[in-house]
Amino acid sequence: MEHNSSDEEEDHRNLIQQNDIRDNDLQAVTTARAISRANGGARSPRSAFQIEEIASRAWNRWKISLDKRYVITAISVTLFIGVLFLFTDTRRFLSVDLSSFKLDPLSSQIKETELQALYLLRQQQLSLISLLNRTLVDQSSNLNSSNANGSSVVIDNVKAALAKQISLNKEIEEVLLSPHRSGNYSVTDSGSDSVTASYYYDRCRKVDQKMLDRKTIEWKPRTDKFLFAICLSGQMSNHLICLEKHMFFAALLDRVLVIPSSKFDYQYDRVIDIERINTCLGRTVVISFDQFKEMDKNNHAHIDRFICYFSSPQPCYVDEDHIKKLKGLGISIGGKLEAPWSEDIKKPTKRTSQEVVEKFKSDDGVIAIGDVFYADMEQDWVMQPGGPIKHKCKTLIEPSRLILLTAQRFIQTFLGKNFIALHLRRHGFLKFCNAKSPSCFYPIPQAADCISRMVERANAPVIYLSTDAAESETGLLQSLVVVDGKVVPLVKRPPRNLAEKWDSLLYRHGIEDDSQVDAMLDKTICAMSSVFIGASGSTFTEDILRLRKDWGTSSMCDEYLCRGEEPNFIAEDE
């Protein structure tokens, strides 16, 4: 029987429907091939395509069936695990199974310390490069400078830098070895620590003032002989130095020294303890102006003789206004101002104590001498620690007890034991310094470089800044004082804050907001520093150096700012 094409298509459709069962897909393919052979082996393109289509559909159906089986299996496993967790002690299960996954803590610590050591090595590299560059600059400046100590400064700077690198190397060693220590055992020794510590101690150690070798005189004044101190040149620092020299004159002339009135001079009793001077000598050697008036009321506070140490440019620095002030205090002056010799302030002559006694000795009850600030008389005596007068204190003229305690409280609050003090004089100093040769007014970047070198030498973490500079200058200076990549803090006394108690003594005694008290407080803090950097040509600095010398706080590293250097730029004159 012959089959037409329509019958064949119908048979194919029947075969497909009959074999649309998941497990008999392969049998459908076999049947299709048998039908093809029954047709005489003839294959039409259409029938072949249909056979391939049947095979493809069969595979897809089997694949979908397989995917559904996987999904059902996954759901079953998930439900089983959930039930297992509900009825099982999971803490014990996790503690047992996860313990094997803990990381090795020693390995993690070693990696951390290695990174830290690499950072420190980088810092050491930068410091050594800085040392090399600075040494070349120092050598160049030494060749161009007449300072005889230039070469020693270079050597000291190199030694300080090398000692710091030894200390840094020690720190790197400690970091690398820290993971390998056990208990209290350490595989390192303290040899390098002792080397660097002793070096820094020797480098900026305190100066031995040799107090036992002092040359002094006794001050035993006659109770009826007085010396009226006249100090008029400059500001408070000048006056304190002048007052100290007046004490020497009074001791030589056997007279009681009269401290000037605050209506004629500064109010000294706010910044120094006058009565303490008498305690240091064990007798009355100084009195206040009010005490003088009370003792000499029968003579109506009369100055019998007014002697001028300097005759030019103006005798005693006293003009008509000063005379009027004295008379306004109820003091009468006998005779005219006189000078026992020709003496110029600009070119003072070196004088001996014998010359002073010879020219200023008098039988008059009250004499006045002025102004002796510039007097060049027995400098070896005057400049020695403690001064030229024999006494049982460290120094005769020092800050009052209130100011001293306030300075100590400030240091304990903000600075600590090891700090550098910097007196940076700027106001009015540009013209003053440029009139000198060499100039002492340095550009801020150059000053910052000098200060940074001192910080390295002294190994101090902080700087106390005493200055009259504007914020624009101090702000720039703060940003440039950098050591080992770290900015070194510049600390100034902050404004009044009720939450801070370090300055409460000043407010309690009503001497706050006094410019002279503030100035003396600055001096006291600077005088108590580990190292002091001063301003050349400033009497404020000179008075600090006097206190440091007398108190025994002077350091081998004390110096003027940028010692041995000239400013790298100087403005022209007007």
Side-chain angles (χ1 to χ4, degrees), residues 209-231 238-261 265 268-269 271-296 303-307 309 340 351-373 375-401 543 546-547 549-552:
Q209 301 293 353
K210 299 180 180 179
M211 299 293 288
L212 297 178
D213 298 335
R214 290 176 60 215
K215 180 182 179 181
T216 59
I217 63 170
E218 294 276 357
W219 187 2
K220 296 181 178 180
R222 294 174 53 181
T223 57
D224 60 341
K225 301 294 181 182
F226 301 94
L227 170 59
F228 202 98
I230 302 293
C231 297
N238 298 49
H239 288 220
L240 290 176
I241 295 173
C242 172
L243 199 62
E244 186 181 33
K245 291 184 177 181
H246 266 296
M247 291 181 182
F248 191 21
F249 275 71
L252 291 172
L253 301 174
D254 300 326
R255 291 179 176 270
V256 175
L257 185 67
V258 179
I259 305 296
S261 167
D265 201 341
Y268 290 103
D269 59 358
V271 294
I272 62 174
D273 189 348
I274 297 174
E275 190 56 38
R276 178 185 166 279
I277 300 173
N278 295 326
T279 303
C280 290
L281 275 85
R283 64 182 70 92
T284 300
V285 293
V286 295
I287 58 174
S288 66
F289 176 76
D290 292 335
Q291 290 174 317
F292 168 71
K293 284 193 67 176
E294 184 67 23
M295 294 173 63
D296 200 44
I303 295 178
D304 302 308
R305 188 180 176 190
F306 208 131
I307 309 172
Y309 188 93
R351 301 290 184 179
T352 65
S353 57
Q354 290 80 5
E355 288 179 288
V356 169
V357 172
E358 178 184 343
K359 295 295 183 179
F360 292 87
K361 194 73 172 179
S362 173
D363 291 331
D364 295 307
V366 182
I367 66 172
I369 300 178
D371 177 321
V372 298
F373 171 74
D376 186 0
M377 189 267 295
E378 301 286 10
Q379 288 299 306
D380 292 342
W381 282 17
V382 173
M383 298 303 294
Q384 66 183 341
I389 300 171
K390 186 177 180 179
H391 57 83
K392 59 184 179 181
C393 300
K394 290 184 177 180
T395 184
L396 292 180
I397 298 181
E398 72 174 20
S400 67
R401 181 67 177 169
D543 205 33
R546 175 189 67 83
L547 279 174
K549 176 182 59 182
D550 292 352
W551 283 351

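These numbers come from the heavy atoms of this one structure, side chains and all, not from hydrogens, waters or symmetry mates.
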Suppose we screen for salt bridge (Lys or Arg N to Asp or Glu O under 4.0 Å). Which residues come up paired with [X], at least two apart in sequence or across chains?
X      : result
Asp376 : Lys350
Lys361 : Asp254
Arg276 : Glu398
Asp543 : Lys523, Arg546

With rounding to the nearest 0.5 Å, note down the distance linking [atom1] in [X] to [atom2] in [Y].
X      : Y      : atom1 : atom2 : result
Thr352 : Glu358 : OG1   : CD    : 8.5 Å
Ile230 : Cys242 : CD1   : SG    : 9.0 Å
Ile397 : Leu240 : CD1   : CG    : 6.0 Å
Phe249 : Glu244 : CZ    : CD    : 12.5 Å
Ser261 : Phe289 : OG    : CZ    : 5.5 Å

Item checked: Non-hydrogen atoms of Ala229 and Pro260 that approach each other most closely ->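 Residues Ala229 and Pro260, closest heavy atoms: O-CG, 3.2 Å.
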
Checklist line | Closest contact, heavy atoms only, Leu252 versus Met377 | finding: CD1-CE, 4.2 Å

Check: Between Asp380 and Lys215, is any pair of side-chain heavy atoms under 4.5 Å apart?
Finding: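 No - every pair of side-chain heavy atoms lies 4.5 Å or more apart.
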
Checklist line | Validation row: Cys280, Leu396 side chains within 4.5 angstrom (heavy atoms) | finding: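 Result yes, sub-4.5 Å side-chain heavy-atom pair found.
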
Next item on the list: Go through the structure and list residues passing ring-ring contact (aromatic ring centres under 6.0 Å, His included) with Phe248, not counting sequence neighbours.
Entry: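 Expected list: Trp381.
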
Note to self: Applying ring-ring contact (aromatic ring centres under 6.0 Å, His included), can you list everything that pairs with His239, at least two apart in sequence or on another chain?
What the structure shows: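 Testing His239 for ring-ring contact (aromatic ring centres under 6.0 Å, His included), a comparison that skips the adjacent residues, returns Tyr266.
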
Checklist line | With Leu243, the side chain to side chain contact (heavy atoms under 4.5 Å, CB included) member among Ile272, Asn238, Val372, Val286 | finding: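 Exactly one pass, corresponding to Ile272.
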
Check: What residue among Val285, Thr223, Val366, Ile367 forms side chain to side chain contact (heavy atoms under 4.5 Å, CB included) with Arg255?
Finding: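 Only one option passes, and that is Ile367.
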
Output all residues satisfying side chain to side chain donor-acceptor pair (under 3.5 Å) with [X], sequence neighbours left out; order by chain, then residue number.
X      : answer
Ser353 : Glu378
Ser288 : Gln291
Ser362 : Asp364
Gln384 : none

Check: If you look only at pairs with a residue in residues 216-227, which of them pass as a salt bridge (Lys or Arg N to Asp or Glu O under 4.0 Å), with sequence neighbours excluded?
Finding: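 Counting only pairs at least two positions apart or across chains, the salt bridge (Lys or Arg N to Asp or Glu O under 4.0 Å) contacts touching residues 216-227 are Glu218-Lys390, Arg222-Asp224.
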
Can you tell me if [X] uses its side chain to pair, donor with acceptor, with the backbone of [Y] under 3.5 Å?
X      : Y      : value
Arg283 : Pro221 : no
Asp550 : Pro385 : no
Lys549 : Met383 : yes
Asp371 : Cys231 : no

Notebook entry, point to check: Would Tyr309 and Arg351 count as a side chain to side chain contact (heavy atoms under 4.5 Å, CB included) if you check the C-alpha gap in whole Å, the side-chain angles of each, and the deciding distance to 0.1 Å?
Noted result: CA-CA 11 Å; Tyr309 188 93; Arg351 301 290 184 179; 3.3 Å; yes

Note to self: Test side chain to side chain contact (heavy atoms under 4.5 Å, CB included) on Phe292 and Asp290; report intermediate values, then the result.
What the structure shows: CA-CA 5 Å; Phe292 168 71; Asp290 292 335; over 6 Å; no

Next item on the list: Give the intermediate values and the outcome of side chain to side chain contact (heavy atoms under 4.5 Å, CB included) for residues Arg305 and Ile307.
Entry: CA-CA 6 Å; Arg305 188 180 176 190; Ile307 309 172; 3.6 Å; yes

Notebook entry, point to check: Taking only residues two or more places apart in sequence or in another chain, which ones pass side chain to side chain contact (heavy atoms under 4.5 Å, CB included) with Ala250?
Noted result: Trp219, Leu227, Leu257

